[in-house]
Structures are given as C-alpha cells and as structure tokens.
J.: 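Sending over a structure as structure tokens; questions will come in a sec.
All of these numbers come straight from a predicted model, not from anything done at the bench. Here is how names work: the chains are called A, B, and so on, in the same order as the sequence lines, proteins then strands, and each is numbered from 1.
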4 protein chains.
Amino acid sequence: MVDRQDNGRPRSRRLPRAVRERQILDAAVEVFATRGFHTASMDEIAEVAGISKPMLYAYLGAKDELFVACIRREANRLIDAISVAVEAGLSPAEQLWRGLRVFFEYVSRNQAGWAVLHRQVNQGEPSVSELVEWRQRATSVIAALLAQATEESAQPMQPEQTEPFAVALVGACESLVEWWFQHPEHTADGMAMRLMNMVWMGFSDLVEGRSWTPDQ
Amino acid sequence: MVDRQDNGRPRSRRLPRAVRERQILDAAVEVFATRGFHTASMDEIAEVAGISKPMLYAYLGAKDELFVACIRREANRLIDAISVAVEAGLSPAEQLWRGLRVFFEYVSRNQAGWAVLHRQVNQGEPSVSELVEWRQRATSVIAALLAQATEESAQPMQPEQTEPFAVALVGACESLVEWWFQHPEHTADGMAMRLMNMVWMGFSDLVEGRSWTPDQ
Amino acid sequence: MVDRQDNGRPRSRRLPRAVRERQILDAAVEVFATRGFHTASMDEIAEVAGISKPMLYAYLGAKDELFVACIRREANRLIDAISVAVEAGLSPAEQLWRGLRVFFEYVSRNQAGWAVLHRQVNQGEPSVSELVEWRQRATSVIAALLAQATEESAQPMQPEQTEPFAVALVGACESLVEWWFQHPEHTADGMAMRLMNMVWMGFSDLVEGRSWTPDQ
Amino acid sequence: MVDRQDNGRPRSRRLPRAVRERQILDAAVEVFATRGFHTASMDEIAEVAGISKPMLYAYLGAKDELFVACIRREANRLIDAISVAVEAGLSPAEQLWRGLRVFFEYVSRNQAGWAVLHRQVNQGEPSVSELVEWRQRATSVIAALLAQATEESAQPMQPEQTEPFAVALVGACESLVEWWFQHPEHTADGMAMRLMNMVWMGFSDLVEGRSWTPDQ
DNA sequence: TATGAATGAGGTTTCATTCAT
DNA sequence: TATGAATGAAACCTCATTCAT
C-alpha cells in the first residue's frame, strides 16, 4: 500500500536525522557545484533535496553554514581517501605517487564534490576561510612530505622551505584537473605520472644540487 | 537661477568617450577586485567611478558585460607586458624565464587587475567563458614555447603534447602568486626562479629521457 | 529495550493536567514578559516549559489563546491579592490605601506577571480585548470606591462620574510602577503614599468644593 | 493632458525628496497606528504610501529606522505644539493648564500620531529606546515645572523630588486620553481641567503642608 | 500521551536595471 | 548628455502550526 497523493516523486518522509542530513548535503553539493555559491539558491537546494526550506534551515543552518558543511564534508572525504592510500612506511616519492593517483581517481569519480572545493568563493565571502583552511591543510601535508624527502640529502630542507613547492604542486594539480575534465581520454595514472615527472623530477634535481640559473 | 556647469564637485563632465571608459573600467576593476563579482554592486562602481548609474550602463552595458570588459582589458595588459619582455630570438628557456619574471613583477604592481583575472567567477556565470578564454591563450603560448624547446631533441613534441605541462605551469603560477602575496619578503625574481627550477628542470629531464617511473 | 519512564532528564512526564497547565503558564509568562508578545516564540516557551510544542498546543491552544490565558491568570492573581487586603467594612480612603499598598507589593514580587499585564499588545491584536477588559475591571472597582466616598458629601457622585478619576489613577499607577523599577530605593508604602497624597487629596478637595479654575 | 496609463490611482511620480519623505512618513504613521509595530508590514506601508518597497527602504531605511523616524516626527510635533502654547512668563499653574489643554486638543486631532507614541513597543525591541526617551523628555519638563511651583513655598523641591509626580501625571494623561477616545462627548478643556483638579490640587495640598497619612 | 519531523505562508531586504526629466 | 527617482523580481530566513509515529 503505497502512500497516496504521491505525485511521482518518491520523496520519503520522516527520515531519521542522519539520513536527512546526508540527503541535504548531497543536494547542496550538487547545486553548489552546478551553480556556484552565489548563484545557487536555497530554494533550489531544498527542492533538489526534496524537503521544504524550513527543514533545510533547521538541519544545516543558513546558506553560509550549509556551504561550509559541504566543504567540510567533501574535504574530509577527499583527504580520507588519500590518507588510506598513503601508507606511512613508504618512501616519500612512493607516498606522493600514491597520493596523486588516488587524488585524480577520487576527483574524477566525484566531480561535484571537487567543484565545491575549487573555485567557489570570491573574496569577501564569510566562507572563504574554510576553503583557505582546507587548502592549507593539503599544502602542509605535501610540504612535510617534501621536507622528509630531503632528510638524507646534502642539504635537508625545513617544511617552511618546501612550502612554496607544495603550493605550486597544489596549484598544478587543480589546474590539471580542470584540463583533464576536458580531455577525459587520459587516465588518472597518466595524470599523476605527469605531475611526478614534472614536479618531482624538478624537485629532485634541486635537492641534488642541479639547478637552473639564468644566463647560462 | 540654478547653478550649472560647476557645483563644486571635481566630478568632471563631458569627457571624451575613451577617457570616461577608462575611468569606469578603473573603478570597476577596483571594486570587483575588492568585493568579488557577485558581491560588487553597480551602485558602488558608479560611485567610485564618479558617475551615475545610467551612464555606467550607457557606456559599458550590464554587469556581466562590464565584468567581461574588465577581464579583457586586464588580460591584454598582462599579456602585452609579457610580450614586450619575451623577445623572439631568445632561447625557449630564456623566454620562459623572462616571461615569468615580468609576470610576477606585473602582478605585484597590479594586484587589483590580477584579482579580476583570478578566482572571480563560479561556474554557471555567463562571464566564465571570457576567463577561460584568456587562460587558454596564456596556456597556448607556453605550450608552444615548450614544444619549441623540444625541437632539437631526440623526441620533438607537438604543442598538444606539451599542453598539460603548460596547464600545470599556469596553475602553479596562480597558486604561487597567492602564496607570494602572503610572503612578500620574496622577490619577483626569486619566485620566477623557483618555478624555473621546478618546472623547467623537470621538463628538461623528461625531454632528455630521464623520467620517473613507479616501483623503483 | 528502549528506555522508558526516565531517561535522566528531570522533565517529568504524565503529570496531572492542572500541574502541567501551571507549568506551561509559568513558562509562558516568563517568556512573554522577557520578550514581549510578538518576539516571543512558541519554540522558546515550549523549551522553557520543558515540553514539546504539540503538547503546548494541546494544553493551551494557539499563541493568542495562550497569551490570553496568561493575562487571565495574572490579572486574577493580582486582583485576588488586592481583594483580600481590602476589607469591606473600612472607609474608602482606608480601602484605597490598602489596595495601593498591596498592589505595589504584589507587583514588585511578581514583575513578570505584571509585565504581561502591561504594555504588551499593540492595537490590532486579537488579544487586546482581554487586556482592555481586565483594566476595565480594575477601573470599575476604583470608580465605585470613589463614588462611595462621596456618598455623604454635599454632592454625591455616580460611578460614571468618578470613572475618569479612576482611569487617571490607574494610569498613574502603571506609570509609577515603571518609574519605581528604576528607583528601587523607595518602598511600596512610599509609592502608595505618594499616590494617596496626589490623587486622593485632589479628589477630596474637589468633593469638598475646592476646585481649580483657570484665570485666577 | 493627464498622464496616460493611469489606472485610477493618482500616484504622483518623480516627486522631490522632501515631499516623498513626508508622504512616506504619513503612510507609515497611519499603518503603524492601525496595526501596531509588529503587525504592520512594509508591504502595506509601501502600498499606502503609493510607492514601491525599494523606494521605501531607500528613503527611510529598515523597519526599525522607519519606526524611529515616525516617533521622532510625532514627538516633535506634539512637543512643538505644546511649547508654542506654554509661554515662559506665566505662572506654573497657568503653564501646566495651557500645556494640558493643547495636549488634549492636539491628540484628538492627530490620533494616529498619538497611537505611534503610545503603547507600541514591547520589551526587547530595538526601537524602545526612542519611545522611552521622548517620554522621559516630557516627564522632565513637567518635573521642572512642578519644582518651579514650589520655589516660593516653605519647602522648595528639587526636580528629582517632583519627578515621581510628573511620572504619575504623564501616566494619568495617557490613560485619560484612551478613555476620552471612548467618551468623545467631553471637551479637551474638560479633560485638562479634570487633571488640574486632581493632580494640581493634590500637589498644592502637599506643598502647603496638607498631606494624607494612614490611620488618621 | 507525547514528540521529532515537517511545512505553508509570509516577512524584510537588496540589487540590477530603466524611466522621465 | 546626464541623472535622480523608481521598480520588478527574487533572495534569505523565521514562525506558528500540524502530521505521523
């Protein structure tokens, strides 16, 4: 005996809190990804989530907070996925390689989630800090990895010194992801390898004393 | 007898069209840079420009179009500045080096202009295409440069093959600029050198046959 | 095996109706007094009362009705307190004096209740009538008292004639209470005496034929 | 040649700022008086004013500010009207008498304005302070008048001492106004005289040493 | 009985855009 | 040409109220 008055949508009612919350976050991520933060409207999110606006507000707060919740979830998911792949005992190169591979794989399977983490917020928004923070987290991890890779070299580097390299790597990643989405014929491994070849090789050269200088 | 012609305000009237347009664009770039595209209001732009809103619309059209005009001007300025520095006869490495140096110098002197070109538009905006396009232009130039650098090597590459490297380089640049703004103790040359050391060295390795492979 | 009957919260269940109702009214009076009728939310009242909103509605109806119930209870309490003090056999002056004293005492001990009776409702609300009505009741009693005081004078007055005096007295009371709350150094007796001296003396003068006239 | 497209309303367009502002205030006072602060909607005010909501906001700000503007205007009007009548050289009694007369006259001619000044705001509103302030102003004036009246008596009083009397008088006035609106057969002079007889006589008794004491 | 979950309706506010002078 | 004045449309958010368990 199906519920009457159903007008086609299987909008389930009276769900437990956790389920609804996930439902809402899914909808919000989808809408934010498609429309961008500003252009997205709470009306549309509520509709996609299959609930009314008051519920939307009751569960996850105002638009800003909802957006922050999206970022938080997606950032955690991404970082968790990578953490699982990067085992502690491995060499830095191996760790970086695995991390990159998983990153590209994850991103291609979860494009909406990635869109929320990337290029969403203009200056002046209250939610920028959350985006900045997760990016900082990612950068720090990589900077630490790079520093560790120099430990046994002639000139060990501190994370403060490797930070700009990490920053550049993160930027290159972001940029390449966008390019990849338009050239889907490449594989995740291929993308990761590209980055290893470019950034890691250049970094190794530097560590080993081979560096580029102008006019020579 | 109402006052005409001059009521004390320095707001000049009856300027030639080109001057007015520049005035408006200056104001618009400033406001867009500070507030971001969405948060910027036409009211504020008109006020900063020292004209009334109807004039604003008459000169440069609706908000989208105005924003596109800003991007176009700033992108052209940036690319022009770089073009001047990159002389045709030089080696690819030298060209890239000069280009990067000028890029960082230009950006630090014109932060508002750069802010308009970077991280301003979320998906779903009509003006995204303009941003994508200028980024594409920059990428193409670099890709061509990289291709040219391989011409005399064992395995010459086509621009299509060097494109992902160019994309990564652009991303790394963008990312580093942001980092630089928070670490202003570094010089433009230092920033450019960092990138050369990382990307160019890695690229050279690759061209010369040294590449990174997993499992080793 | 779900926990029943007691989950740790002191929120008691299954109380007899009268107790519950008092609990709710206490909460409602407190919230209405603090926030005012409009700004008060049923959510907060339910929370303060320690019950769920559906129960709130089941026991005392919609917001308007709940508010009316509050007024009714507080008005009755106040009037009861005064009635006890005013014994029938006394002289009008003595009755008035006792009534005022008890009024000020009561009000200072029950500020929340007083706040509900005073300055809560703007015109246009459905619950105004209840407020008007209790005020009318108070006025009538005083008017009768004043009339009775004139019975043995040269010109006995009907309650219709003493009514404006009663109205003024009520207004003066309300106004003085507010002033008193900001000057708590005075005693209830002092406040009552002030009113007796002002209103009763003036009234006595009038009854005894001494009246103020302009142009003199 | 009447403007075309007129759909019946004589809504005049493109008025100078001052005129529009008065128009809006008139409408706002009317609506606030009828509905009360909370129940009044900006929609209705805009409609009554014959303008669109954005204009409403552009001219006088948010609802709070608009309400404050109403209070300020009405309070000033009332106080101005009274100030004109109360000439400086007169005796305190004469001044009070004239002030009261004008007060009642004014209020009866401007009931909406009075409603805005009286019983509009519940605790907790941001605009209370404005109401409190104007009431305070009125009280101070009266307190000073009463103090002045005692100057030549045996026991001159300071305004701090006469303040509670002033407070009571203000409350009596407010209360009587409401009663008067329901008994319009009385005249303004009659109302003022009632107050003089009650409050002034009582006060005079007190000043001259005749006071009421319990148990006697 | 008691409640967590849900919503319809309505409020305030802002902004891009355009008349009418 | 140049603008003060004006608005339609839509955004976010809250609240009193009621199902369905």
J.: Pairs counted as Watson-Crick or G-U wobble with both distances under 3.5 Å: what dot-bracket string results for DNA chain E, using | for bases tied to another strand?
T.: .||||||||||||||||||||
J.: Please list, chain by chain and in numerical order, all residues satisfying side chain to side chain contact (heavy atoms under 4.5 Å, CB included) with D:A58, sequence neighbours excluded.
T.: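 Expected list: D:M55.
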J.: Please name all residues satisfying side chain to side chain contact (heavy atoms under 4.5 Å, CB included) with B:V48, sequence neighbours left out, ordered by chain then number.
T.: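 Expected list: B:A27, B:E30, B:V31, B:E44.
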J.: Tell me, please, which residues at least two apart from B:R72 pass side-chain hydrogen bond (donor to acceptor under 3.5 Å, both in side chains).
T.: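 Partners of B:R72 under the side-chain hydrogen bond (donor to acceptor under 3.5 Å, both in side chains) test: B:E130.
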J.: Separation of A:Q23 atom CD from E:dA6 atom P, in whole Å?
T.: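 Rounded to the whole Å, the gap is 9 Å.
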J.: Produce a footprint string for nucleotides 9-16 of chain E: one letter per nucleotide, 5' end first; B if the base is under 4.0 Å from any protein heavy atom, S if only the sugar-phosphate is, - if neither.
T.: ---BBBBS
J.: For D:A62, enumerate each residue passing the side chain to side chain contact (heavy atoms under 4.5 Å, CB included) test, keeping only those at least two apart in sequence or located in another chain.
T.: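 For D:A62, the residues satisfying side chain to side chain contact (heavy atoms under 4.5 Å, CB included) (neighbours in sequence not counted) are D:Y57, D:E65.
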J.: Of all heavy-atom pairs between A:A115 and A:A33, which one has the smallest distance, and what is that distance?
T.: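 That closest heavy-atom pairing would be CB-CB, 3.7 Å.
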J.: Taking atom P of F:dT3 as reference, at what distance in whole Å does atom CD1 of B:I51 sit?
T.: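 These atoms are roughly 7 Å apart.
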J.: Parallel under 30°, tilted from 30 to 60°, perpendicular over 60°: which one fits the rings of D:F32 and D:F67?
T.: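 The rings of D:F32 and D:F67 stand perpendicular, inter-plane angle above 60°.
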J.: Is any side-chain nitrogen or oxygen of D:R20 closer than 4.0 Å to OP1 or OP2 of F:dA6?
T.: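 For F:dA6, OP1/OP2 do have a side-chain N/O of D:R20 under 4.0 Å.
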J.: Which whole-number value in Å describes the distance from A:L15 CG to E:dA6 C1'?
T.: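 Going from A:L15 (CG) to E:dA6 (C1'), I get 11 Å.
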J.: Return whichever of B:M55 or D:A58 has its heavy-atom-nearest nucleotide of DNA chain F closer to the 5' end.
T.: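 Result: B:M55.
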J.: Taking side chain to side chain contact (heavy atoms under 4.5 Å, CB included) as the test, write out the residues that go with B:E21, two or more places apart.
T.: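 Result, side chain to side chain contact (heavy atoms under 4.5 Å, CB included) vs B:E21: B:R17, B:Y59, B:L60.
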J.: Checking B:W134 now: which residues fulfil ring pair (Phe, Tyr, Trp, His ring centres under 6.0 Å) with it, not counting sequence neighbours?
T.: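 In terms of ring pair (Phe, Tyr, Trp, His ring centres under 6.0 Å), with neighbours along the sequence ignored, B:W134 is linked to no residue.
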